[in-house]
Amino acid sequence: MAWKWTRIQRKSSDTADQQSLPTENSSLISRNVRPQKSDYASVATDDFSHLPDHEADILRKQVIVKSVVANFFSLYRYATKKDQILLGLGFLLAVISGVLRPLMTILIGNTAQLFVTYRPPTELHEYSCGQISAYCQPENNETAWNMNDTNRVTSFNSTSYYFVTPEEFQRQINQIALFFVGLAVTDFVSSSINTYIFIDRGEVLSSRIRKKYLESTLRQNMAYYDKLGTGEITTHISTDTLLVQEGMSEKVGQVTANITTFIAALLVAFTRSWRLTLVLIGITISVLVTMTTALRYMVRFYRRSLSGYSAGGTIAEEALSSIRNVQAFAAEDRLANQYDDLLAITENWAHKAGMVLGFMSGMMWFFMYCNYALAFFQGSRYIASGYLQIREVMSVLMSMMMGSFFLSSIPPLLRHIANGIAAASKVYTAIDRDSAVDPYALGQSIPDDEVKGRIEFRDLKFIYPSRANTTILENFNLTIEPGKTVALVGASGSGKSTIIGILERFYNPVGGHVYLDGKDITKLNVEWLRQRISLVSQEPVLFARSIFDNIAYGLIGSQYENASRVEKEALVIDACKRANAWTFISKLPQRLDTHVGERGFLMSGGQKQRIAIARAIVSNPKILLLDEATSALDTKSEEVVQDALDAASKDRTTIVIAHRLSTVKDADVIVVMSKGKILESGNHLQLIAKQGEYYRLVEAQKIEALTQEKTQQTEEDSDDTRVDAESDADSEKLSSTAYDSSSDYQENEKSMLELSRTRSGRSVSSIVLGQVPEQQKSKADSIWTLIKFLLQLTRNENKFLLIGTICAAINGLGHPSVSVLYGLSVTEFRNAQTDDTDVLGKIRVYAGIFFALGFLQASAFFLCNATLSFVGQRLVRKIRYQTFRHIVRQDMAFFDKNENSTGKLTAILSQHAQSVEGLSGATLGQIMNAVFNIVAGILLALSVAPKMAAVFVACVPLMIGCGYGRFSMLARVQEQTRKLSEESAGYACEALASVRTVISLTREHDIIKEYDAHLAAQVHKNRLPTIKSAALFGGAQGLQFLVMGLGFWWGSRFIYTAEYSVLRFYIAYMSSIFGAQNAGIVFSYAADMSKAKIATQSIKDLFQREPEIDTWSEEGEILHPEDVEGDIEFRNVHFRYPTRPTVPVLRGLNLKVKKGQYVALVGASGCGKSTTIGLIEEFYRPLAGQILFDGHDVNSLNIGNYRSHMALVQQEPVLYGTTIKENIKLGSLENPSDISDERIVEVCKQANIHDFISSLPDGYDTLCGTKGVLLSGGQKQRIAIARALIRQPKVLLLDEATSALDSESERVVQAALDQAAKGRTTIAVAHRLSTIQNADRIYVFDGGKVIEEGTHFELLANRGKYYELVQTQALDGK
């Protein structure tokens, strides 16, 4: 096989009892399993009890979540009057459909009376003519519904007999057959319409629930997200809402019809014989008690099962959204194991629910067989005594049997409803939660012409709700005058970003006030406030839309929000020019319409930041908040953008947070902060003159400059300046040229470009791409192939599957056995009229057999459900686990595609396994039961009465054909629905994953509107297929009546001629026709079967997909750590991203890094620096050229072993929602349990983060929050550096590793990195040149090539591109 099935070995056992509860050390488990309602009060009290009551209440309101207990009727809480009318009609038609079935029992009873009392002419020929003339004709008013006693004659030793003439027999049979046709037509109409109504309204109402859920979630305060992972939230919107939809769709109509059948059957039974019905009613009561008790436990277990998977969804979302980090640290298997730990909890509770369902089903079948036994036993006595006739006993028997049968078929359907109710509790809990900071709540506002922008922080005290033991700000006072620019500087964790969060109303302070133009911001309308503020965050967030759309989102709330495209485009272009973004945008093939990819991955860090700045200034806001707004820009771009920001800051209040002090030296006021307090404030010159904390920060960032004397000397010797003596000749040719003018550079670039092209003018990359064959679409597999695929997945559990199959076979043989006992009992009823004690004795024997058969069937049903539930839940767990592993196995080209966004992959992870689960357990047991029933019934019928059974058996394909037609059609519908559902789920996931950006832009209404449009399109496209599906289902239901009517009519012909006895008729009829009915039951699960088929096909395709860069591959050369030197070389490397094959990125890159060298890559944003890091990590492979590692082509090395020698620190640090300790351990190659605390402390000291961690109440066990949201940018970056250092890599890759650090931390961390770089190769991408001035080699990139290289001093002497960058960043320290 191309894929791996074996689970990664772990210490934890797979047994359910060991994994039913998370352990204290289970990292992601402990923070994701949500407490129940009763737990929240205690949690809140424990966390906040040490605080004053007022402060505790403020924090508690931001995090508390009160659970909502849903019930069946609350599923329809968003139904309008129109919906209620349609649903009422649906319920009415379902009731009609349910009533029709018990009416059939009257016909069956009267038919039995006819068959038993009929005497064929051959049988009566022996008697005298006088006796023959004793035939009596019924009165004219008799019908098939009402037969009286006029057919009585007295003869044969004065014994009373009932019989009819052949002519009357045929007339009655024909009439009964016509009534069956009438019932079939009525059932077809009622079933078709009610099925359509329930499916359609289910989709409509579930769409409203999804919309309400997203709407409610987007209005929550930030503390809600800090406590609840975005993965868990997206699981609710993609999986739980689907369960709610299933819980209120066609299953409700089927349950309603079944309940109605039960009630109507009970009424029919009472009207035929209240005494016999009362005898049997005790069994019905037992059925109801069993169902009620079992359902209570089922809902409880399913709710706990859903809680476990919701937590697992957060792990999956975090991993998929940071896939580069996951693969760089080879964390796939460790995260997969943590994910599987939560799947084990889900499996445990779901299996318990399946066992309860099996017990309930078994008991209901036991009671049904008891019903047979008691009815035949007591009925025979009533017939013998003359109290009842055969038709009355048979009607009561069939009514009670039918009622019990349809009641027993409810549990599998109720499982879906129970799941829906359990899921609704979770969804409604979020919908009904009152946000502590509600953007939709009424509030004051200030007329726009009166907004000045004066901001005052007065006696402010702030505590994060998730870290109640740490005070971030205390007695903080600051006044910002209108139109002034205030810069906040200081160490990471000093509270700078917290101030922006408070001003944006992300959180509520526990004390003090914030005023805007004299108005307390807590009194202002939150949405109005945010629309007057523009925020550029430290880590820019772009949405998977075009550049134009991303920038135009900044116009929301302004007068241009609803302007035309032309007007908006003019504003967008102007903003792009001011943000220095138009230069690169105008060069893109689609310019403003260029798609930026998920989270903007198709843009470089600097390009994303400039687009975010353009978005911030496009609406000309009153207040501008810049949280490290230029941290990701190269020096040249930073200079231009800073000028633009300086210009944009005029006449508006601007708050700037910066670590790079060159960006804030022109601020009106610079505020130096430390540990939530202000140390000093003033302008740049004032603070320099004080020589205090700010002066020390400035000194730390000064770039070492050459003295004038040194500069003059290097200028004289510039012609002789050459690269390092260790450089190769090829490198010397490339790097020794000094770029004195732009014209020289352009000419050189042109000549190099010509060299890299063929005579036809096509580039190397274009030729390579033209030779790549088109990827062929995979063909759909047959159902049998997919079944074999699933059996291979469950091969370790196939012994339990075999037991379940044997039990299903025993259950399937039940109906054929019943048909024999049924025929024998009905035949004996004829003799019971003589009150023959032998007959009553035989009936007692049959009743005993019924009872024993019921016990056997009940045991088999329980064992069948228990084993199949275990196999089904284990299969679902394996599918989710293996799907997760196969997804994270894929290469970066897979994740770059729009159809493989994080939201869509998360939805696939949950929904596909859910679809396969819908065809396992009780449902699979019932399908297998029906299949065995059909086969055994047909064989029995053909062996007993072949001529009669031939027509009966011919009806089975009709039932199967109608069901299969629905199944085939639904398969196509489900495929279309799946694509639409994944698209809408992906859109919602993207919004929730970027919730801070969404709410700061006040995009809530915009997102809800677009999401609603996605859902409306999905509902509309499904309407016509739903009509066809409902019609096919109604046809299958109506066919049951037609088949039964045909069966009685056809069988009567053989009884009429005495070719077959009544016994043979009932054996053949019951076994084959009931088999046909079971065929209909099989395909009542057509929707589930089609979902399972599509899901299985998709899973199989994923499992068979082998990525070009395969981390599972064992091929390739293995390099032992002691043999690794760390030399890296690029030889004429050409590269384009697979999703943008027309955009060149690297155009013949050549560079060499020697063992132990510290090499820096600098240059403008988008020039290929980060791409180079990605190629070194082998996230992608070059289109042409070679990348060598210690002289080996990296393509020939084992990818897992190759990456084990490297460590990556990215520009945007990625942390997971576990503890600090677990995040650091994730970087190690060793078993996490083998890593000592001392080693963790050591690397944290090197990264200058140990002191901060030690100051936290929980120390290294402090939770980082989802995506590290509970930590500042600098804190996250230092933890990420510690994670890299614990790996002890031979090659250290730093992609802007210190960009988020304050000056002091940067100095210490840079020293630590310099120390860590000794003895290993280090490649650093940097915009802040002070961090790389001591590098052994500096490569200057431009246009995907190296245009300069050398040391810091050599490049300064060249006075080329690097010299310009240095001059731009120099600080005036005077």
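Nothing here was measured: the structure is a model prediction, and the numbers come from that model.
In this structure a side-chain-to-backbone donor-acceptor pair under 3.5 Å is missing from D549 to R545. The backbone N or O of V68 sits less than 3.5 Å from a side-chain atom of T429, completing a donor-acceptor pair. Using modelled atom types, no side-chain atom of Q531 and backbone atom of W528 make a donor-acceptor pair closer than 3.5 Å. Between the side chain of D627 and the backbone N or O of S497, no donor-acceptor pair lies under 3.5 Å. Here the side chain of R454 pairs no donor or acceptor atom with the backbone of T653 at under 3.5 angstrom. A donor-acceptor contact shorter than 3.5 Å links the side chain of R505 to the backbone of I521. Under a 3.5 Å cut-off, the side chain of K496 and the backbone N or O of G490 do form a donor-acceptor pair. Counting only distance, with no hydrogens or angles, the side chain of T1002 and the backbone of I999 share no donor-acceptor pair below 3.5 Å. No side-chain donor-acceptor contact under 3.5 Å links T485 to the backbone of D668.
Among residues two or more places apart in sequence or in another chain, the side-chain hydrogen bond (donor to acceptor under 3.5 Å, both in side chains) test is passed with R532 by D448. Not counting sequence neighbours, the partners of S322 by the side-chain hydrogen bond (donor to acceptor under 3.5 Å, both in side chains) test are Y1216. Partners of Y694 under the ring pair (Phe, Tyr, Trp, His ring centres under 6.0 Å) rule, at least two apart in sequence or in another chain, are H684. D520 meets the side-chain hydrogen bond (donor to acceptor under 3.5 Å, both in side chains) test with H513, T522; sequence neighbours excluded. Applying the ring pair (Phe, Tyr, Trp, His ring centres under 6.0 Å) criterion to Y553, with sequence neighbours excluded, gives F543.
For NZ of K461, the number of neighbouring non-hydrogen atoms (other residues, nucleotides, ligands) closer than 6.0 Å is greater than 12. Environment of NZ in K568: crowded, with over 12 heavy atoms of neighbouring residues, nucleotides or ligands closer than 6.0 Å. Counting non-hydrogen atoms of neighbouring residues, nucleotides and ligands closer than 6.0 angstrom, the OH atom of Y1260 exceeds 12 such neighbours.
Here OG of S216 is found 9.5 Å from CD1 of I1008. Values are rounded to the nearest 0.5 Å. One distance of note links OG of S494 with CG of L473; it measures 9.0 Å at 0.5 Å rounding. Atom OG of residue S534 and atom CG of residue L626 lie 9.5 Å apart, to the nearest 0.5 angstrom. Put simply, CG on L625 and CG on L535 are 5.5 Å apart, with the number rounded to the nearest 0.5 Å. Here OH of Y507 is found 10.0 Å from CD1 of I502. Values are rounded to the nearest 0.5 Å. Interatomic distance, E680 CD to M673 CE, rounded to the nearest 0.5 Å: 13.0 Å.
At a threshold of 4.5 Å between non-hydrogen side-chain atoms, the residues T1218 and C1264 do not count as touching. Contact annotation: the side chain of S1000 approaches that of F506 to within less than 4.5 Å [non-hydrogen atoms, C-beta and beyond]. Using a 4.5 Å cut-off on side-chain heavy atoms (C-beta onward), T997 and R615 make contact. A heavy-atom distance below 4.5 Å is found between the side chains of V427 and I431. In this structure, the side chains of L516 and L524 come closer than 4.5 Å at one or more pairs of heavy atoms.
Ion pairing of E693 with R696 is present here, as a side-chain N (NZ or NE/NH1/NH2) and a carboxylate O approach within less than 4.0 Å. A salt bridge is defined here as a Lys NZ or Arg NE, NH1 or NH2 lying under 4.0 Å from an Asp or Glu carboxylate O, and D517 with K452 fails to meet this definition. A salt bridge does not link K677 with E474: none of the charged nitrogens is closer than 4.0 Å to a carboxylate oxygen.
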Worked verdict on D1012 versus K1009 for salt bridge (charged side-chain N to carboxylate O under 4.0 Å, His left out): CA-CA 5 Å; D1012 190 36; K1009 182 179 179 181; over 6 Å; no
Evaluation steps, side-chain hydrogen bond (donor to acceptor under 3.5 Å, both in side chains), between N525 and R530: CA-CA 9 Å; N525 176 270; R530 289 172 178 165; over 6 Å; no
Worked verdict on R219 versus E527 for salt bridge (charged side-chain N to carboxylate O under 4.0 Å, His left out): CA-CA 10 Å; R219 70 193 298 178; E527 187 176 40; over 6 Å; no
Evaluation steps, side-chain contact (heavy atoms from CB on, under 4.5 Å), between N683 and I670: CA-CA 5 Å; N683 61 35; I670 299 174; 5.8 Å; no
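Between the side chains of R458 and N475, no donor-acceptor pair of N or O atoms lies under 3.5 Å. Looking only at atom types and distance, the side chain of E215 has no donor-acceptor partner in the side chain of H1005 under 3.5 Å away.
The two residues A616 and V536 make their nearest non-hydrogen contact at CB-CG2, 3.3 Å.
The salt bridge (Lys or Arg N to Asp or Glu O under 4.0 Å) pairs that include a residue from residues 1251-1264 are K1221-D1261, where partners are two or more places apart or lie in different chains.
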